[in-house]
Structures are given as structure tokens and as C-alpha cells.
Amino acid sequence: VQLQASGGGSVQAGGPLKLSCAASGFSLNYYGVGWFRQAPGKERGAVSCISSSGDYTEYADSVKGRFTLSRDNAKNTVYLHMNSLKPEDTAIYYCAAGLTRCGSRWRSDPASNFGSWGQGTLVTVSS
């Protein structure tokens, strides 16, 4: 049972990047998937969440209108499409899967909502 986050890299401000969260050893179809990020010297924060069906998503205010989630259940993968990137988006991005509907507590209590975590992928945005 493993989650693999990938797609990170270096990009200039204003550019796009697409992160992937791929599952192996289990079907991601039944799980909500969240993305979190941790910038240097800061605590990990919630970025976005997508329900298992894909019909419900939530985003942190700081990324609304710029980031979009999608999922391809046939590929057992969730994608985080990031556009108009800013230097303050620089962080290690983690994906997590769990039996969550991305309701009211996925941000405040990620440990209870997500049982599987990926290893993180680094995104660096230069100005």
C-alpha cells in the first residue's frame, strides 16, 4: 500500500505545474485524496481535497482559482493542476488518501481523515 507524489520541480512565477498522486497496492477509487504542503520553516498546511467520486472539491483560500483537482480512477491517480504559481507556493507537497468526504475536518484533523501519505514532492517557484 503506497502513495507516490510526483511532478514537482522548479518553475518561474506565473507558470504551471501538474502534480500526480498515484496509488499502488490499493484502489484509490474509494478514497478521498488531500494535498498538503509544507514550506521551509513553516507548519504543514492544507491545500485541497477531492472526494472519492470526484464531484466534490475544496481548496485553501490561497490557491482558489489557481489550483484544480482531478482524478483518473482508471489510472488510480489524482492530479493537482497548479496555475499562476507564486513564490509563496514553494513547498514540499504531500498527497494523502483516506475515508474522507472532504467535509469540515479534513483540514483541521488530517491525521484522522487520511490514513495513507505519500513521500512528498518539492515545488520551487522563482520570481
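Residue numbers start at 1 and run along the sequence shown. Quick caveat: nothing in here was measured; it's all calculated off a predicted structure.
- Between the side chain of N76 and the backbone N or O of A22, no donor-acceptor pair lies under 3.5 Å.
- Taking both residues in full, the closest heavy atoms of P110 and S108 are given as CD-C, 3.4 Å, listed atom of the first, atom of the second, then distance.
- A distance of 8.0 Å separates OG in S53 from CZ in R71, rounded to the nearest 0.5 Å.
- With hydrophobic clusters built from ILVMFWY side chains whose heavy atoms lie under 4.5 angstrom apart, L122 does not share a cluster with Y93.
- Taking the centre and axis of the six-membered ring of F36, the NZ or CZ atom of R44 falls inside the cone set by 45° and 6.0 Å.
- Hydrophobic cluster membership is shared by L99 and V78, with clusters built from Ile, Leu, Val, Met, Phe, Trp and Tyr side chains linked at under 4.5 angstrom.
- One N or O on the side chain of T121 and one on the backbone of G8 form a donor-acceptor pair closer than 3.5 Å.
- Y94 is linked by a side-chain contact (heavy atoms from CB on, under 4.5 Å) to Q38, I92, W117, counting only residues two or more places apart in sequence or in another chain.
- Within a 6.0 Å radius of CZ in R101, no more than 12 heavy atoms belonging to other residues, nucleotides or ligands are found.
- In this structure, the side chain of D109 does not engage the main chain of R105 through any donor-acceptor pair within 3.5 Å.
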Candidate pair M82 and V125, rule side chain to side chain contact (heavy atoms under 4.5 Å, CB included), full reasoning
CA-CA 11 Å; M82 306 187 296; V125 184; over 6 Å; no
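- The two residues W35 and S20 make their nearest non-hydrogen contact at CH2-O, 3.6 Å.
- A cation-pi arrangement is found for K18 relative to Y79, the charged atom lying closer than 6.0 Å to the ring centre and inside a 45° cone about the ring normal.
- You'll find the side chain of L28 reaches within 4.5 Å of the side chain of L3, heavy atoms only.
- A distance of 7.5 Å separates SG in C49 from CG in N113, rounded to the nearest 0.5 Å.
- Contact annotation: the side chain of Y59 approaches that of L69 to within less than 4.5 Å [non-hydrogen atoms, C-beta and beyond].
- Of the possible polar contacts, none joining the T90 side chain to the E88 backbone as a donor-acceptor pair under 3.5 Å is found.
- A distance of 9.0 Å separates CG of L17 from CG of L80, quoted to the nearest 0.5 Å.
- Atom OH of Y56 is surrounded by more than 12 heavy atoms from other residues, nucleotides or ligands within 6.0 Å.
- Residues S62 and R37 are in side-chain contact: their nearest non-hydrogen atoms beyond the backbone lie under 4.5 Å apart.
- When side chains are defined from C-beta on, L85 does not count as touching P16, because their heavy atoms never get closer than 4.5 Å.
- Residues F114 and Y31 place their aromatic rings such that the two centres sit no closer than 6.0 Å.
- Within the 4.5 Å cutoff, no side-chain heavy atoms of S48 are placed close to those of E58.
- Nearest heavy-atom pair across A5 and C95 is CB-SG, 4.0 Å.
- Across every non-hydrogen atom of A60 and A46, the tightest pair is CB-O, 3.5 Å.
- How far CH2 of W106 is from OG1 of T100: 8.5 Å, rounded to the nearest 0.5 Å.
- Atom SG of C102 sits about 7.5 Å away from atom CD1 of I50, to the nearest 0.5 Å.
- Note on D61 versus K64: salt bridge recorded, some NZ/NE/NH1/NH2 to OD/OE distance being below 4.0 Å.
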Using the side chain to side chain contact (heavy atoms under 4.5 Å, CB included) rule, take D89 and R66 through it: C-alpha gap first, then chi angles, then the decisive distance, then the call.
CA-CA 11 Å; D89 294 319; R66 300 188 297 121; 2.7 Å; yes
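- In this structure, F67 CZ and T57 OG1 are separated by 14.0 Å, a value rounded to the nearest 0.5 Å.
- Listed for the Q4 side chain is no donor-acceptor partner under 3.5 Å among the backbone atoms of A23.
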